[in-house]
Number of protein chains: 2
Amino acid sequence: MSKQADLPLLGPDVTCCAPMVRQPLGEVDAIELSRMFKALSDPIRLRLLSLIASHEGGEACVCDLIGPFDVSQPTISHHLKVLREAGLVGSERRGTWVYYWVLPEALAKLSALLQTPAVPAKASA
Amino acid sequence: MSKQADLPLLGPDVTCCAPMVRQPLGEVDAIELSRMFKALSDPIRLRLLSLIASHEGGEACVCDLIGPFDVSQPTISHHLKVLREAGLVGSERRGTWVYYWVLPEALAKLSALLQTPAVPAKASA
DNA sequence: GTGCTGTATCGACGCTTGTCGATACAGCCG
DNA sequence: CGGCTGTATCGACAAGCGTCGATACAGCAC
């Protein structure tokens with residue numbers, strides 16, 4: 001459906017941060033990263049993010065994001081704000097509607113951070 | 001230092017879940033994933049995780065994990081419990097000491113989930 | 001202008017979370 | 001056995017978070 005469906009995924013090439021399994025995270029980095037993970041720590045926000053990212057054109061109007069959930073409009077608005085302040089999405093008003101899109105660098109950063117070394121034998125036991 | 005330093009990282013090959021930017025996350029999946037991200041949403045837990053993962057041999061004794069932090073021993077113990085219940089680490093008592101290690105599949109799962117499509121032009125502007 | 005629709009902010013509420021000190025439990029040593 | 005060290009649990013507290021209804025703001029239509 002959406003044209004992005006066949007694009008390759010960003011691999012380790014775009015790794016902006018070393019994987020956290022390589023060396024201990026610094027105190028300051030940990031605080032910044034924890035803020036991003038906190039934004040991902042709510043089921044509604046996770047679904048909002050994937051809904052936005054997988055929406056046609058890579059962006060979605062708030063009006064598209066309210067229907068799928070059982071919570072009130074102010075609550076959705078609140079969650080979108082959390083995602084925005086965590087640097088995970090961008091937003092813009094266009095006339096009557098407000099559009100949100102994912103900031104791919106942010107997701108790539110977290111993804112790279114969680115990259116793991118090849119699984120040892122223990123993992124397959 | 002540690003022998004894992006030169007191992008290749010797990011790439012998209014081990015992707016067990018489709019990236020969340022491909023299609024909307026289901027309600028149930030979102031709940032399970034949010035639990036894992038919640039475990040990562042605290043700076044101390046992030047540092048604990050990277051400390052464990054980057055420790056020699058891929059595992060660390062609790063006694064190694066208390067020193068680097070300014071919080072009490074019960075607090076560290078609490079955070080380790082959160083990481084364990086989220087499925088991010090495993091643990092085992094060996095005599096007097098308790099050892100923790102990272103479960104690579106869990107990190108790989110989250111990493112794959114956050115994989116992003118190649119960045120559009122907008123990202124470089 | 002007035003009214004209407006889409007979105008954000010506000011204030012309040014209950015629940016969860018991070019932290020602590022105190023204490024319990026597990027295993028070693030002598 | 002008794003005492004000691006390492007780790008986990010408990011109970012309490014303050015702070016943070018998700019949710020709501022009410023309301024304010026922004027832009028279109030008429």
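Throughout, a chain's letter reflects where its sequence line sits, starting with A, and its residues are numbered from 1.
The nearest whole Å value for the distance from the CZ atom in B/Phe69 to the C1' atom in C/dT19 is 15 Å. Atom pair B/Glu92:CD and C/dG27:C1' shows a separation of 15 Å (rounding to whole Å applied).
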Heavy-atom contacts, protein to nucleotides 6-18 of chain D, under 4.0 Å, summarised as B (base), S (sugar-phosphate only) or - (none) per nt, yield BBBB-------SS

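For residues 29-42 of chain B, every residue pair satisfying the side-chain hydrogen bond (donor to acceptor under 3.5 Å, both in side chains) rule, not counting sequence neighbours, is listed here: B/Glu32-B/Lys109.
Here the side chains of A/Trp101 and A/Val89 are not in contact, with every heavy-atom distance at 4.5 Å or above.
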Only pairs under 3.5 Å count here: list side-chain donor-acceptor contacts from residues 67-82 of chain A, not counting sequence neighbours, and write none if there are none.
residue	atom	partner	partner atom	Å
A/Ser72	OG	A/Thr75	N	3.4
A/Ser72	OG	A/Thr75	OG1	3.0
A/His79	ND1	A/Arg45	NH1	3.1

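For the pair B/Ser72 and C/dC20, the criterion of a side-chain N or O lying under 4.0 Å from OP1 or OP2 is met.
When the salt bridge (Lys or Arg N to Asp or Glu O under 4.0 Å) test is applied to B/Glu27, no partner is found at least two apart in sequence or on another chain. Among residues two or more places apart in sequence or in another chain, the side-chain contact (heavy atoms from CB on, under 4.5 Å) test is passed with A/Cys61 by A/Cys63, A/Asp64, A/Trp97, A/Tyr99.
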